[in-house]
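Below, chains carry the letters A, B, ... as their sequence lines are ordered, and counting in each starts from 1.
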There are 2 protein chains.
Amino acid sequence: MTSVFLEPGHNHAHCAADVIAHAEKICTSRAQKLTPMRRKVLEMLAGSHKPLGAYEIIDAVAGSGPRPAPITIYRALDFLMANGLVHRIASRNAFLACGHNHDSGALVTFLICEVCGTVGEAPAAEVSRTLALAAQGVGFTPKMSVVEITGLCAHCNSQRASG
Amino acid sequence: MTSVFLEPGHNHAHCAADVIAHAEKICTSRAQKLTPMRRKVLEMLAGSHKPLGAYEIIDAVAGSGPRPAPITIYRALDFLMANGLVHRIASRNAFLACGHNHDSGALVTFLICEVCGTVGEAPAAEVSRTLALAAQGVGFTPKMSVVEITGLCAHCNSQRASG
DNA sequence: AGCAATATGGTGCAGTGCAGCATATATGTC
DNA sequence: GACATATATGCTGCACTGCACCATATTGCT
């Protein structure tokens, strides 16, 4: 899974399965428990490449069982974020499943399409390096980075140009 | 004003005055009105180099007059942000006065100290360039960027090392 | 004065996010 | 199995974020 943006209409069920499989591996290797609630929250996020708000997750989970309280969702999200399985999109107060295998502290650059809402992760090594340099230049020691770019993805851009 | 991080205990009143003077110039040149409420909100933000939450601003404004409703503050903030006088720190749901003179759309890199809460703006030209390249590489057209680095500022870092 | 545009005030509400406590479920120990 | 411990979930409540909608005041223009 090296593609950054996915074609619209690709098989979500497949990548959701990938994400869950990855999560199980991670949790097993760390002696962490992927409980039913945590798994369900992750499934809902993995089934959408759009970031979901907390209440959207509640609604989604409520579709297949009793309606969970907000705190239940936040607790599941905290667990998933701590294990690098879910990212928070700060500029949207929303959450996104992550199939990649990067540590929770690593720099991830998000590209958020303002038309279709899809979120991609850009190759960030170079960005990470220049950011580190810029921080170093003023004596700042970085711990956690939030890099979120809003704009138009390639697909929506060409749609608009040809439309 | 080229310094990125300011010494603790420097003259806040002075930089607040600078910010207000700059805001008046901007508003005059654009035929925009810096009304009392907008000015007061900007003063409160300029008097603190820490980002303030909406309710902190309400409390601050309430200290010198009637207590404004949240919507009043958000409207003032919207105006100030539209004119590039205030930045939003998405990762904190907070707001920060900006004395610099960059357009509202330009990329700004924030360095947020997790000890003292001070926020600096890093020289971002290089970061901006690599980000643009990374986006371009996947066919993404950027509109607005959020770059927020949490960590330790030089001052708190040396405090911690020597302490 | 009358009209339009803008700014502020007020009420209300949906969403975000967590504290504190009670209950259930798993895990280890005797 | 009985028990203690740790962890996860459920539940209530609340503070903060952010805006919609409408009423009022203020400003500017004719």
Review point. Given D:dT17, is OP1 or OP2 found less than 4.0 Å from the side-chain N or O atoms of A:Asn93?
Key: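 Negative; the distance criterion is not met.
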For nucleotides 8-12 of chain C, give me every protein contact, N/O to N/O, under 3.5 Å, one pair per line with atom names.
residue : atom : partner : partner atom : Å
C:dT8   : OP1  : B:Thr35 : OG1          : 2.4
C:dG9   : OP2  : B:Thr72 : OG1          : 3.4
C:dG9   : N7   : B:Arg75 : NH2          : 2.7
C:dG9   : O6   : B:Arg75 : NH1          : 3.3

For residues 129-141 of chain A, tabulate all N or O donor-acceptor pairs below 3.5 Å that involve a side-chain atom, not counting sequence neighbours.
residue  : atom : partner  : partner atom : Å
A:Arg129 : NH2  : A:Glu126 : OE2          : 3.0
A:Thr130 : OG1  : A:Glu126 : O            : 3.2
A:Thr130 : OG1  : A:Val127 : O            : 2.9
A:Thr130 : OG1  : B:Thr130 : OG1          : 3.1
A:Thr141 : OG1  : B:Asn157 : ND2          : 2.5

Whole-Å distance separating the [atom1] atom of [X] from the [atom2] atom of [N]:
| X | N | atom1 | atom2 | result |
| --- | --- | --- | --- | --- |
| A:Glu56 | C:dG15 | CD | P | 9 Å |
| A:Tyr55 | D:dC19 | OH | P | 17 Å |
| B:Tyr74 | C:dT16 | OH | P | 13 Å |
| A:Phe95 | C:dG17 | CZ | C1' | 9 Å |
| A:Ile58 | D:dG10 | CD1 | P | 11 Å |
| A:Arg92 | D:dC19 | CZ | P | 13 Å |

Check your understanding: Got a sec, which pairs hit ring-ring contact (aromatic ring centres under 6.0 Å, His included) with one end in residues 110-139 of chain B, sequence neighbours left out?
Key ->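 Found B:His87-B:Phe110.
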Point to revise | Other ILVMFWY residues reachable from A:Val115 by side-chain steps of under 4.5 Å | key: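 The other cluster members (ILVMFWY side chains, heavy atoms under 4.5 Å, direct or chained) are A:Leu152.
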Practice item. Have a look at A:Arg88 and say if it touches a base, only the backbone sugar-phosphate, or nothing, with a 4.0 Å heavy-atom cut-off. Key: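 It contacts sugar-phosphate atoms only.
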side-chain contact (heavy atoms from CB on, under 4.5 Å) against [X], all qualifying residues, sequence neighbours excluded:
| X | answer |
| --- | --- |
| A:Asp78 | A:Met81 |
| A:Ala94 | A:Pro51, A:Arg92 |
| B:Ala69 | B:Ile71, B:Thr72 |
| A:Lys33 | A:Thr35, A:Arg38 |

Give every pair of a protein N or O atom and an N or O atom of nucleotides 26-30 of chain D that lie under 3.5 Å apart, one pair per line with the distance.
none

Review point. Which residues satisfy the salt bridge (Lys or Arg N to Asp or Glu O under 4.0 Å) test with A:Arg39, sequence neighbours excluded?
Key: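 Partners of A:Arg39 by the salt bridge (Lys or Arg N to Asp or Glu O under 4.0 Å) criterion, ordered by chain and then number, come out as A:Glu24.
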Exercise for review: Could you name each residue pair satisfying side chain to side chain donor-acceptor pair (under 3.5 Å) that touches residues 53-67 of chain B, not counting sequence neighbours?
Suggested key: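 Side chain to side chain donor-acceptor pair (under 3.5 Å) check on residues 53-67 of chain B returns B:Asp59-B:Arg67.
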Review point. Quick one: CG on B:Leu34 to OG1 on B:Thr28, what's the gap to the nearest 0.5 Å?
Key: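 B:Leu34 atom CG to B:Thr28 atom OG1 measures 8.5 Å (nearest 0.5 Å).
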Exercise for review: Determine, step by step, whether B:Ser91 and B:Glu148 satisfy the side-chain hydrogen bond (donor to acceptor under 3.5 Å, both in side chains) criterion, reporting the C-alpha distance in whole Å, the side-chain angles of both residues, the deciding distance to 0.1 Å, and the verdict.
Suggested key: CA-CA 7 Å; B:Ser91 62; B:Glu148 298 170 11; 2.5 Å; yes
Point to revise | Rounded (10°) bend between the five-pair end axes of the helix from C:dA1-D:dT30 to C:dC30-D:dG1 | key: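 The two end axes of the helix from C:dA1-D:dT30 to C:dC30-D:dG1 meet at 10°.
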